[in-house]
Amino acid sequence: MSDFSLWFAVHMLAYAALVIRVLTVEGKEPASRAAWILILSFLPGLGIIAYLLLGEPWISHRSRRKAIGTVTRLVKAYNVGKTSALENVPDRFRPAFRACEHLAHSGVTDHNTATLTADSNAAINAMVEDFDAAKESIHISFYIWLTDNNGLKIAEAVKRAAERGVTCRIIVDGIGSRALTRSEHWAAMKAAGVQLCVSLKVSFGLDALLGSRADLRNHRKIVVVDNRLTYCGSQNCADPEFRVKAKYAPWVDIMLRFEGPVVMQSQLLFAANWLIESNEHLDVQWQASSTEAVANGSAAIAFGTGPLSPKGAMSDVFSSLLHCAQHEVVISNPYFVPDASLLSALIGCARRGVQTTLILPQRNDSFVVGAISKAYYAQLVAAGVKIFEFRGGLLHAKTLVVDEAVALVGSANMDRRSLELNFENNILLHSPDIAKSIRERQNAWLSDANEVAPDKVIHRSLLRRIGDNVATIFSPVM
């Protein structure tokens, strides 16, 4: 047998095995199956490598065993969210909050307060102030932590806290914060007594084949101080100028500071991640002041999603909120590559008369994601969705406000990475006051945005229509 014949036979066996795998693996969307079969068929060799690396959100058996049930065990051990304040949420919003309860493994909390920070720099300054006032513990998890002005402000504040005896723990993503972990500032924090952990380290060689999928990322942004307050939103630990991608700057983010029982649910997400990565069971005062009721507070729930969550979990939350809407939904998101259920929910929301507004960045730091986002414009505007493209930098804020009563903030994008692959954290709250504040922020973004003209995208050229439809075919693999 010639070398070519041998190569061809091996390729066909691998091709057949992967096609069978694509057709039999549980939970994969029909569109995703079709897209992968096309890739395997038309990109010989490369398609096989692509599927082995990116086809499924596979996680090492070791990580899977440690992760499954971790949050549930911690909830039971520390008696967090044992009861639910769902009765304090209006009936029509309860399905969305129930979906979050399933993911949080605990109930909706009540009597929470939230403060919307003025901008990215103000959020960092508020964190520094809280760190300088911390007495017991500081827990931080960031996807990206740069060694710029804001990044070093936080690093110095954490060092000061550790040096005066505050227990400080930090989790950063192995890719997003790679520059920090290799810098003198990482070593300086360790020398000051800060406990450090790199999440989802990138493996090489045999470890890469036996470990987790290389592009799984810890995309969470969690800050918890003294079990008393938590920050949640879209912001990484960096300047808005975001010098690693300065051409798209400023990065426009949103961050909220919460007090009340919801703090402990954020703490649980951090504790579960810390336990999985470091094998350390956190010895913290779980029944601290954060569990005390805050007068005139609001119902809220913090929850996390990731590749071990039920299939479509984050998409279900987005869709549930859209189904709850009666008058208005306003969404901001930087990366828009919806799955079928989310796309259907957006279209259905607009068709039943709800004023549905989507704010996306005019220029996206991911060319491919930006192109796929635009490919969905025609069917969205045809259904009545108003789409605006933000001009003033990269709108990185992930917000969803329903009827100026319920708001969702956090780290999750409306793309396939956040919906299926990344570890994300979000807080859903019922608070007309906070929802109104976020809507005002959204209005500020809308004032610096151009509305996409329906006629322009609906009556686009035949070539553009072909390109858009091809892009949507392959969107399930992005």
Side-chain angles (χ1 to χ4, degrees), residues 59-60 62-63 66-67 70-71 74 124 127 130-131 134 136-147 150-152 154-155 157-159 161-162 166-183 185-203 211-212 215-227 229-238 255 263-284 302-309 410-412 418 421-427:
I59 299 176
S60 69
R62 172 181 170 274
S63 297
K66 291 176 65 177
T70 297
V71 173
L74 289 176
I124 293 295
M127 289 178 198
D130 287 328
F131 294 169
E136 297 177 0
S137 65
I138 297 173
H139 291 159
I140 301 171
S141 179
F142 277 120
Y143 171 56
I144 295 175
W145 188 330
L146 300 182
T147 56
N150 282 339
L152 295 184
I154 294 295
V158 173
K159 283 166 57 180
V166 176
T167 300
C168 300
R169 298 181 177 92
I170 292 174
I171 301 172
V172 296
D173 181 76
I175 292 292
S177 298
R178 181 175 64 255
L180 172 68
T181 60
R182 297 176 177 179
S183 74
H185 308 290
W186 187 255
M189 285 193 287
K190 184 176 181 179
V194 181
Q195 299 177 48
L196 305 173
C197 177
V198 178
S199 181
L200 298 174
K201 296 178 181 177
V202 178
S203 301
S212 302
D215 65 335
L216 295 183
R217 303 280 31 108
N218 185 344
H219 195 241
R220 292 173 176 171
K221 291 90 174 167
I222 301 173
V223 175
V224 183
V225 180
D226 287 344
N227 293 337
L229 62 93
T230 187
Y231 287 82
C232 182
S234 65
Q235 185 174 338
N236 290 297
C237 192
M255 210 70 171
V263 173
M264 296 313 298
Q265 291 176 328
S266 288
Q267 182 74 287
L268 277 170
L269 290 174
F270 180 91
N273 199 178
W274 187 267
L275 176 60
I276 292 166
E277 296 284 2
S278 71
N279 290 316
E280 180 189 5
H281 201 295
L282 296 193
D283 181 18
V284 294
F303 63 97
T305 54
L308 292 176
S309 299
S411 68
S418 285
L421 296 176
N422 291 341
F423 291 90
E424 308 283 1
N425 70 290
N426 296 270
I427 291 181

How about [X] and [Y]: do any of their side-chain heavy atoms sit closer than 4.5 Å?
X: Cys197; Y: Asn273; answer: no
X: Ile154; Y: Phe131; answer: yes
X: Thr147; Y: Leu152; answer: yes
X: Val224; Y: Met264; answer: no
X: Cys232; Y: Asn425; answer: yes
X: Trp186; Y: Val198; answer: yes

Roughly how far apart are [X] [atom1] and [Y] [atom2], rounded to 0.5 Å?
X: Asn236; Y: Asn150; atom1: CG; atom2: CG; result: 11.5 Å
X: Ile222; Y: Ile140; atom1: CD1; atom2: CD1; result: 11.5 Å
X: Glu424; Y: Asn218; atom1: CD; atom2: CG; result: 8.5 Å
X: Met189; Y: Ile170; atom1: CE; atom2: CD1; result: 4.5 Å
X: Tyr143; Y: Ile175; atom1: OH; atom2: CD1; result: 7.5 Å
X: Phe303; Y: Leu268; atom1: CZ; atom2: CG; result: 14.5 Å

Locate the shortest heavy-atom distance separating [X] from [Y]; write the atom from each residue and the value.
X: Ala302; Y: Ile427; value: CB-CG1, 3.7 Å
X: Lys159; Y: Ala192; value: CG-CB, 3.9 Å
X: Met127; Y: Tyr231; value: N-OH, 3.4 Å
X: Gln195; Y: Trp274; value: O-CH2, 3.6 Å
X: Asn426; Y: Gly410; value: OD1-CA, 3.3 Å
X: Gly174; Y: Arg217; value: N-NH2, 3.9 Å

Next item on the list: Answer yes if the side chains of Asn227 and Gln267 hold a donor-acceptor pair under 3.5 Å, and no otherwise.
Entry: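 The criterion, which ignores hydrogens and geometry beyond distance, is satisfied for Gln267 and Asn227.
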Notebook entry, point to check: Would Glu136 and Thr167 satisfy side chain to side chain contact (heavy atoms under 4.5 Å, CB included), going step by step from the backbone distance to the final call?
Noted result: CA-CA 6 Å; Glu136 297 177 0; Thr167 300; over 6 Å; no
Margin query: For a side chain to side chain contact (heavy atoms under 4.5 Å, CB included) check, start with the C-alpha distance between Gln235 and Ile124, then their side-chain angles and the critical distance, and finish with the verdict.
Written below: CA-CA 9 Å; Gln235 185 174 338; Ile124 293 295; 3.4 Å; yes
Notebook entry, point to check: Short question: side chain of Thr230, backbone of Val223 - any donor-acceptor pair under 3.5 Å?
Noted result: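 Confirmed, Thr230 side chain pairs with Val223 backbone.
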Check: Would a distance-only check, ignoring hydrogens and angles, find a side-chain to backbone donor-acceptor pair under 3.5 Å from Lys221 to His219?
Finding: yes
Notebook entry, point to check: Would Thr181 and Trp145 satisfy side chain to side chain contact (heavy atoms under 4.5 Å, CB included), going step by step from the backbone distance to the final call?
Noted result: CA-CA 9 Å; Thr181 60; Trp145 188 330; over 6 Å; no
